[in-house]
Structure formats: structure tokens, C-alpha cells
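Taking it in order: structure first as C-alpha cells, then the write-up.
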Amino acid sequence: MSAGIPTDKPDLTDQLHDIVDRMLAPHGKKSPRGRTVLAAGDNPFEISRPNEHDSRADFKREYDAVVGAIENISRLISLLLPTEDDEDGGKMMDRLSPIINHKMRSNSRRLQPDSSMNLVRRNVGDVGGYTATMWALVDFRAALRDRAQELEDQNSKFWNLPHRAPDHYARAIALRLARLFAEQTGQYPTYGTSGITGEASTSYTRALREVFVLLEIKPSERTYAEWAVSQLTDDDLKPASNALLRAMMAGPLPGLGDGILGTLARDLDKKPAGE
């Protein structure tokens, strides 16, 4: 599966443009440069990831950790913050909370106020560590529940499939590069490898191989090049008329919600208060 986008390559954008230059050179074209912020920055095409995890195992590890944390925090809250109808539990809390408050206050005063975290911990001790910690756990559990819902959505979209999950990042990159080729040349890209050497035999496939290496994507480019070309339509052959349309053509796979389209959609959904 693919690794994360490299961050230690200051000339990543230049390298991507050089690759696209070589891909388009046989057609007398060059990589589009000087694009606006609306058009996904300086890169010739969008390189963000549509999914957050490299493998099902990575996804499952985070999901299990989040769900397990929610269960254990809920148990901790139920033990230390009994309900109103739990009379014995209320008596226990009345005895325990002032003891814990005193101990937390004493311990917090040993902290040097030389960092924001130490100041927060001292404040927690001062206001009553028992109650403050319970409220922090309630808030932490709420955040974990939000994350669990996000992971459930990702599971349905990327991992809960009747077959082996494809590398969504490899697919996204292959499709974005194919759309850029089609937009710039007015032709469908072709794919193929040499039957003798196994090397990429078309300018698009060679460029995709170079991009995969640059972005540390491990799968073979042939499979994803073939899939990407199959997704193109005649609309992809039309040149983009403006920066926004160009961003749409270079953006994420349909339905994945990343990149500029997802951002614009979310912004449009945010109506001012009172509307």
C-alpha cells in the first residue's frame, strides 16, 4: 500500500512539473504552471490522499483503540460519577472527591508554571481536580465518539468491501494524472508495458511510474493506469475554461470528499446564523 506524502522534498512541485513536461512533450505541450490557490496550488495536479490509512490493519488498529477507549472511559465515568439514584455511589463520591481534590491540588502546586500545560494542570488542581477531570473525560469521550463515526464512514467507503480493497491513493493519483493528460492534449492517454523489458511503453504510463516513485506509492502503475483510463469520458478531453473547472478535473475521485471540491461544498453548506 502507499506511504504518506513525502514532506522532506522541497522541490516536489518542480519534480512533478518535470514529469508532466516529459509526458506532454510528444504532444507539444508543457505542464500547466502559475496556477492559482483555487486550482490546488502550484502542483500540476492534486496529490492529497483520499483515505487516511495505508492498510486495513492500520485502520483496524485505530478503530479498535478508539472504540476501546470509549468503552473504558465510559466505565471510569460510571464508577466515579454515579447517577442521582445511586445513593451508595453518591456517598462514596462525597467521601472520595475531597480527598482526590486535596491530593491533586497538593501535587499540582509542585509544578513550575513554565509551560502552558503546567499552568493548565495547576488550574485543574485549584478548581477541584476530581470534578474537572470528570468533565474532561466527558468531553474526551464525546470527541472519541465523533472520531468513531468518522471511522465508521471510512469503513463503509474504503474497507468494508467484498474483495481486497484497492489502493485508493494510487487510484486517485492515476486518475488525476490521466485527466490532466486528457485536458492538455485532447486525447485519451494510453497505457502499456514492454513485453520484453516490462518497462512502461507510453508517455502516460512512464509518467505515472515516475509519480508513484516520487510519492512512494508501491503498487505497479500498469493496473492503476488501466483503471484510470477506463474512468475517463469525452468531457475530460475538453480544456478547462477556468481555474475552478481545472481544479474539478484534477480533484479527488467522485464521492471521496477531499481536495478543493469537498472544501467548497462544506463552505457552501455553512450558512450564517439566523438563515
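A distance of 6.5 Å separates CG in L180 from OG in S31, rounded to the nearest 0.5 Å. For the atom pair CG (L76) and OG (S74), the distance works out to 9.5 Å, reported to the nearest 0.5 Å. The OG1 atom of T133 sits 11.0 Å away from the CD1 atom of I77 when rounded to the nearest 0.5 Å. Of the inter-residue distances, the one linking E221 atom CD with Y204 atom OH reads 10.0 Å to the nearest 0.5 angstrom. A distance of 10.5 Å separates CG of D86 from NZ of K91, quoted to the nearest 0.5 Å. Rounded to the nearest 0.5 angstrom, S97 OG and M104 CE are separated by 12.0 Å.
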R147 vs E62, salt bridge (Lys or Arg N to Asp or Glu O under 4.0 Å): CA-CA, chis, key distance, verdict: CA-CA 10 Å; R147 179 56 177 166; E62 180 181 341; 2.7 Å; yes
Test log, rule salt bridge (Lys or Arg N to Asp or Glu O under 4.0 Å), inputs D21 and K30: CA-CA 5 Å; D21 280 341; K30 289 186 177 181; over 6 Å; no
Verdict with reasoning, R95 to I99, per side chain to side chain contact (heavy atoms under 4.5 Å, CB included): CA-CA 7 Å; R95 289 191 304 270; I99 296 173; 5.5 Å; no
Full working for ring-ring contact (aromatic ring centres under 6.0 Å, His included) between H53 and F158: CA-CA 10 Å; H53 304 87; F158 298 119; 9.0 Å; no
Steps toward side chain to side chain contact (heavy atoms under 4.5 Å, CB included) verdict (F212, L208): CA-CA 6 Å; F212 275 12; L208 186 59; 3.5 Å; yes
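A heavy-atom distance below 4.5 Å is found between the side chains of F59 and N155. Under the 4.5 Å side-chain criterion, counting only non-hydrogen atoms from C-beta, L237 is not in contact with E183. You'll find the side chain of L80 stays beyond 4.5 Å of the side chain of L137, heavy atoms only. In this structure the side chain of R22 reaches within 4.5 angstrom of the side chain of E210, judged on heavy atoms. Annotation: side chain of L12 is in contact with side chain of L215 (closest heavy-atom distance under 4.5 Å). Using a 4.5 Å heavy-atom cutoff, the side chains of M93 and Y130 are in contact. Between Y188 and D234 there is a side-chain heavy-atom pair separated by less than 4.5 Å. Contact check for I173 versus Y224: no side-chain heavy atoms found under the 4.5 Å cut-off.
Between D235 and K238 there is a salt bridge, since at least one side-chain N of the basic residue sits less than 4.0 Å from a carboxylate O of the acidic one.
No hydrogens or angles considered: nothing links the side chains of Y63 and D58 as a donor-acceptor pair under 3.5 Å.
Side-chain N or O atoms of N101 include one that pairs as donor or acceptor with a backbone N or O of G129 at under 3.5 Å. Side-chain atoms of N107 come within 3.5 Å of backbone atoms of K103 as a donor-acceptor pair (strictly under, hydrogens ignored). Between the side chain of S78 and the backbone N or O of R75, at least one donor-acceptor pair lies under 3.5 Å. Between the side chain of R176 and the main chain of E46, a donor-acceptor pair closer than 3.5 Å is present. Put simply, the side chain of N118 never gets that close to the backbone of P113: no donor and acceptor are under 3.5 Å apart.
Of all non-hydrogen atoms in I70 and A148, the two that sit nearest each other are CD1-CB, 4.1 Å. Nearest approach of S203 to F181, heavy atoms of both residues: OG-CE1, 3.8 Å. Between A207 and I19, the shortest heavy-atom distance links the atoms O-CG2, 3.6 Å.
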